[in-house]
Participant: 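First the structure, which I've put down as structure tokens, then a few questions once you've had a look.
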Amino acid sequence: MRSLGFDVRVAADAAEAARLISAVPADHRVALVDPGFVGHVHALRLGLTDPRFPAAAVPGALTAQPEARPALVRALDTETAAVGAGVPAGAPGAPVTDPTVPGRLAAAMDAGGTEVRRPELGSLVAAVPRDDATRAEAERALVSVDDEAVRLRSAVKAHDGFFTTFFISPYSRYIARWCARRGLTPNQVTTASLLTALIAAGSAATGTRGGYVAAGVLLLLSFVLDCTDGQLARYSLQYSTMGAWLDATFDRAKEYAYYAGLALGAARGGDDVWALALGAMVLQACRHVIDFSFNEANHDAVANSSPTAALSTKLDSVGWTVWVRRMIVLPIGERWAMIAVLTAVTTPRIVFYALLVGCSFAACYTTAGRLLRSLTRRAKRTDRAARALADLADSGPLADTVAAIGPRLGGSWSAPVTALLAGALMIASALTQPFGSWHTILAAVVYAMLSGMAVSRPLKGALDWLVPPAFRAAEYCTVLVLAARSDVPGALPAAFGLVSAVAYHHYDTVYRIRGGTGAPPRWLVRTIGGHEGRTLVVTVFAALFTRHSTFTTALTALAVAVALVVLVESIRFWVSSGAPAVHDEGEPA
């Protein structure tokens with residue numbers, strides 16, 4: 001217990017334990033362990049030191065963080081009163097599997113409405129033997145299992161991609177242990193990964209073969225550190241709200257900064273690939289929002305599994321199909337390995353062509369599967385799911401006004417059809433109308449109206465998860481197309497910055513929802529205009545500043561303004577005490 005950071009005190013009974021706990025400062029975690037406990041240190045570490053859960057227990061041990069301590073005190077009072085009244089241990093209400101004092105207290109806390117987390121121990125031993133025979137058996141099991149080996153294995157995510165599982169994790173887990181033994185934190189490793197990726201982007205920006213080779217090597221090193229930070233967090237149970245924010249956003253920042261570095265390097269060699277770089281970022285961001293929207297729509301859906309899901313589960317039972325299915329979606333490990341190798345041996349243009357082809361195929365594969373699941377599964381979606389999709393839609397004042405006072409569409413498919421129609425109309429106008437045409441502004445106004453109609457009712461339909469991706473594609477592609485067709489110097493790099501700032505806001509929204517705290521405040525969404533407002537503003541800029549460098553200045557100013565607003569609010573939120581510790585498993589894609 002002392003090795004885990006606890007100050008150990010011995011209590012003769014529940015009443016004395018209550019007195020000792022009351023003397024501990026209110027902002028400290030406390031734990032109770034039965035004196036007969038037999039088990040691995042890592043079992044106690046999992047049960048007593050994970051900061052993500054207010055209360056947790058393993059057989060014979062219980063912990064409570066400050067927010068759960070009142071419930072623990074009430075349970076202790078109940079236990080003391082029961083013992084004083086002569087009620088035997090393990091009386092009705094206590095779990096049969098753990099009749100110890102900590103076990104009975106955990107059951108009382110659960111019954112009182114305070115959830116007690118019970119981590120999966122696997123082969124780890126945690127028990128309170130009642131006699132010599134069971135104690136001898138527990139001690140034999142204790143000796144037969146190396147808890148350090150278990151700790152190292154559990155530091156690695158269970159569902160990583162092929163490249164990460166077989167080429168990174170076999171040694172990165174030992175780097176994580178090395179870091180833990182030297183007092184390094186996951187946040188420090190995450191920051192090191194970001195800095196390494198930024199240096200890689202700078203190397204790519206030199207436009208030389210040596211710079212490209214160095215960039216590829218550094219990008220792979222950055223990915224090793226990116227795996228290490230999560231493994232370090234799981235190895236040492238160092239989860240934090242700051243870590244949640246850093247881990248959730250730095251992967252995207254690293255990848256998109258590297259795209260910019262490649263574009264700068266190509267420009268030095270006389271090859272303008274900014275449109276390809278922005279296209280790769282748009283495609284990747286849209287892939288992610290499809291993932292997020294589908295998962296949120298089905299987060300707590302109530303229905304039997306669809307035939308498509310059953311087939312998917314069956315395929316996952318065959319070893320080789322698991323890895324093939326994980327690889328063809330081009331998760332982050334495979335994607336970064338491909339980028340690194342192609343950077344070193346080819347040109348930035350080829351890197352972006354490979355990204356666009358590979359990510360397009362992956363997007364079609366995953367989206368087709370999700371469409372089939374949605375169409376064959378008759379799920380009843382909840383208010384929470386509808387709220388999450390509405391938040392992911394990122395509707396601004398214009399769409400909100402139309403949704404409030406305009407016509408409400410009927411039919412289960414009306415929302416996705418309307419959103420897809422609106423997006424297609426907007427992108428088609430940007431592609432076909434002359435740059436700066438006022439018809440494009442009219443199309444943006446119609447897009448805003450249709451967007452409001454699409455979200456005028458709760459998004460509970462089978463395909464309503466397509467609404468946020470349709471809006472993301474419309475906004476990002478409009479910015480890309482207008483910047484590419486402007487022939488204004490610097491317009492595409494400025495558009496790259498604008499989409500980066502907006503994409504950060506959308507990722508921030510996702511991780512707030514996943515943490516259970518809801519989307520960013522409405523004032524923030526209104527201030528930056530919502531997806532339809534920003535799209536309209538960009539079309540107005542194109543009309544006002546036709547074939548003039550002011551268009552680049554206007555896009556840059558809009559990008560800076562959006563970035564400042566969303567970053568200040570995001571940093572304020574993620575460093576606050578109310579931010580969720582969602583830094584657990586990360587994103588495989």
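In this chain, numbering begins with 1 at the start of the sequence shown. Below, all heavy atoms of this structure are taken into account, side chains as well, without hydrogens, waters or symmetry copies. Keep in mind it's a predicted model, so treat the numbers as computed, not measured.
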Participant: Less than 4.5 Å apart, any side-chain heavy atom of V24 and any of R69?
Facilitator: yes

Participant: Can you give me the closest heavy-atom contact between L44 and A61, atom names plus distance?
Facilitator: CD2-CB, 3.9 Å

Participant: Between T509 and L392 (side chain of the first, backbone of the second, donor and acceptor by atom type, cut-off under 3.5 Å), is there such a pair?
Facilitator: no

Participant: Return yes if some donor-acceptor pair links the side-chain N/O of T366 with the main-chain N/O of A363 below 3.5 Å, else return no.
Facilitator: yes

Participant: Which residues satisfy the side chain to side chain contact (heavy atoms under 4.5 Å, CB included) test with P25, sequence neighbours excluded?
Facilitator: D27, H28

Participant: Looking at E115, I'd like to know if its CD atom is crowded, meaning that more than 12 non-hydrogen atoms belonging to other residues, nucleotides or ligands lie closer than 6.0 Å.
Facilitator: no

Participant: Pick from D291, N298, N295: which one makes a side chain to side chain donor-acceptor pair (under 3.5 Å) with R370?
Facilitator: D291

Participant: In Å and rounded to the nearest 0.5 Å, what is the OG1 to CG distance from T49 to L4?
Facilitator: 6.0 Å

Participant: Which residues satisfy the salt bridge (charged side-chain N to carboxylate O under 4.0 Å, His left out) test with D383, sequence neighbours excluded?
Facilitator: K460

Participant: Using the rule given for side-chain contact (heavy atoms from CB on, under 4.5 Å), can you reason through D229 versus L246, listing the C-alpha separation, both sets of side-chain angles and the distance that settles it, and then say yes or no?
Facilitator: CA-CA 11 Å; D229 66 356; L246 296 178; over 6 Å; no

Participant: For residues T164 and C227, determine if any side-chain heavy atom of one lies less than 4.5 Å from a side-chain heavy atom of the other.
Facilitator: yes

Participant: Do the side chain of R326 and the main chain of D160 share a donor and acceptor less than 3.5 angstrom apart?
Facilitator: yes

Participant: Under the rule for ring pair (Phe, Tyr, Trp, His ring centres under 6.0 Å), what residues qualify as partners of Y235, not counting sequence neighbours?
Facilitator: none

Participant: Can you sort out the partners of F53 under ring pair (Phe, Tyr, Trp, His ring centres under 6.0 Å), two or more places apart, ordered by chain and number?
Facilitator: none

Participant: Is there side-chain contact between E148 and H42, with at least one heavy-atom pair below 4.5 Å?
Facilitator: no

Participant: Counting only heavy atoms not in R2, do more than 12 sit closer than 6.0 Å to its CZ atom?
Facilitator: no

Participant: Without swapping roles, check the side chain of Q231 against the backbone of A155 for a donor-acceptor pair under 3.5 Å.
Facilitator: no

Participant: Drop me the distance from L105's CG to L72's CG, to the nearest 0.5 angstrom.
Facilitator: 6.0 Å

Participant: For the atom pair CG (D391) and CD1 (I513), what is the distance rounded to the nearest 0.5 Å?
Facilitator: 4.5 Å

Participant: How would you list, by chain and number, every residue that makes a ring pair (Phe, Tyr, Trp, His ring centres under 6.0 Å) with Y258, sequence neighbours excluded?
Facilitator: none

Participant: Can you find a pair of side-chain heavy atoms, one from L62 and one from M109, that are under 4.5 Å apart?
Facilitator: yes

Participant: For the residue pair P54 and E67, what are the closest heavy atoms and their distance?
Facilitator: CB-CG, 3.6 Å

Participant: Keeping H40 on the side-chain end and V145 on the backbone end, is there a donor-acceptor pair under 3.5 Å?
Facilitator: yes

Participant: Between R29 (side chain) and L48 (backbone), is there a donor-acceptor pair under 3.5 Å?
Facilitator: yes

Participant: Is the shortest heavy-atom distance from the side chain of M281 to the side chain of E255 under 4.5 Å?
Facilitator: no

Participant: How far apart are the closest heavy atoms of L220 and A340, and which atoms are they?
Facilitator: CG-CB, 3.7 Å

Participant: Would you find a donor on one side and an acceptor on the other, under 3.5 Å apart, between the side chain of R287 and the backbone of V329?
Facilitator: yes

Participant: Is it true that R140 and E137 have a side-chain N and a carboxylate O under 4.0 angstrom from each other?
Facilitator: no

Participant: Applying salt bridge (charged side-chain N to carboxylate O under 4.0 Å, His left out), name anything that partners R9, two or more places apart in sequence or on another chain.
Facilitator: D7

Participant: Which label fits W465 and F294: parallel for a plane angle under 30°, tilted from 30 to 60°, or perpendicular past 60°?
Facilitator: perpendicular

Participant: Looking at every heavy atom in both L76 and A18, which two are closest together, and how far apart are they?
Facilitator: CD1-CA, 3.8 Å

Participant: What pair of heavy atoms forms the shortest contact from R335 to L355, and how long is it?
Facilitator: CG-CD2, 3.8 Å

Participant: For K254, is there an ion pair with D226 - N to carboxylate O distance below 4.0 angstrom?
Facilitator: yes

Participant: Using modelled atom types and a 3.5 Å cut-off, is there a donor and acceptor pairing between side-chain atoms of S193 and backbone atoms of V189?
Facilitator: no

Participant: With heavy-atom distances below 4.5 Å as the criterion, would you say the side chains of T196 and V224 are in contact?
Facilitator: no

Participant: Classify the side-chain pair D131/T134 by whether it contains a donor and acceptor separated by less than 3.5 Å.
Facilitator: yes

Participant: Side chains of S22 and V73, heavy atoms from C-beta outward: is any pair under 4.5 Å?
Facilitator: no

Participant: Return the set of residues passing side chain to side chain contact (heavy atoms under 4.5 Å, CB included) with A126 (not counting sequence neighbours), or none when no residue passes.
Facilitator: F37, A43, V58, P59, L121

Participant: Should L330 and C359 count as side-chain neighbours, where that means a heavy-atom distance under 4.5 Å?
Facilitator: yes

Participant: For the pair L221 and V217, evaluate side-chain contact (heavy atoms from CB on, under 4.5 Å) and give the outcome as yes or no after the intermediate values.
Facilitator: CA-CA 6 Å; L221 176 58; V217 172; 5.6 Å; no

Participant: Atom OG1 in T165, atom NZ in K157: separation rounded to 0.5 Å?
Facilitator: 9.5 Å

Participant: Quick one: which residue pairs count as a ring pair (Phe, Tyr, Trp, His ring centres under 6.0 Å) with a foot in residues 164-196, not counting sequence neighbours?
Facilitator: F162-F166, F163-F167, F166-W323

Participant: Would you please name every residue forming a side chain to side chain contact (heavy atoms under 4.5 Å, CB included) with P70, sequence neighbours left out?
Facilitator: R74

Participant: Roughly how far apart are L225 CG and F250 CZ, rounded to 0.5 Å?
Facilitator: 13.0 Å

Participant: List for me each residue that meets ring pair (Phe, Tyr, Trp, His ring centres under 6.0 Å) alongside H506, sequence neighbours excluded, and say none if there are none.
Facilitator: Y476

Participant: May I ask you to decide if G36's main-chain N or O and R135's side chain share a donor-acceptor pair within less than 3.5 Å?
Facilitator: yes

Participant: Look at the rings of Y256 and Y259 and say which category their plane angle falls in: under 30° parallel, 30 to 60° tilted, over 60° perpendicular.
Facilitator: tilted

Participant: How far does CG of L389 sit from CZ of R381, to the nearest 0.5 angstrom?
Facilitator: 8.5 Å

Participant: After noting the C-alpha distance and the side-chain angles of D50 and R117, does the key distance pass the side-chain contact (heavy atoms from CB on, under 4.5 Å) rule?
Facilitator: CA-CA 10 Å; D50 195 325; R117 172 79 173 185; over 6 Å; no

Participant: By side chain to side chain contact (heavy atoms under 4.5 Å, CB included), which residues pair with L342, not counting sequence neighbours?
Facilitator: M338, T346, V351, A354

Participant: Would you find a donor on one side and an acceptor on the other, under 3.5 Å apart, between the side chain of S222 and the backbone of L218?
Facilitator: no

Participant: In chain order, what residues pass the salt bridge (charged side-chain N to carboxylate O under 4.0 Å, His left out) check against D110, with sequence neighbours excluded?
Facilitator: R118

Participant: Can you name the closest pair of heavy atoms from T114 and A71 and give their distance?
Facilitator: OG1-CB, 3.2 Å

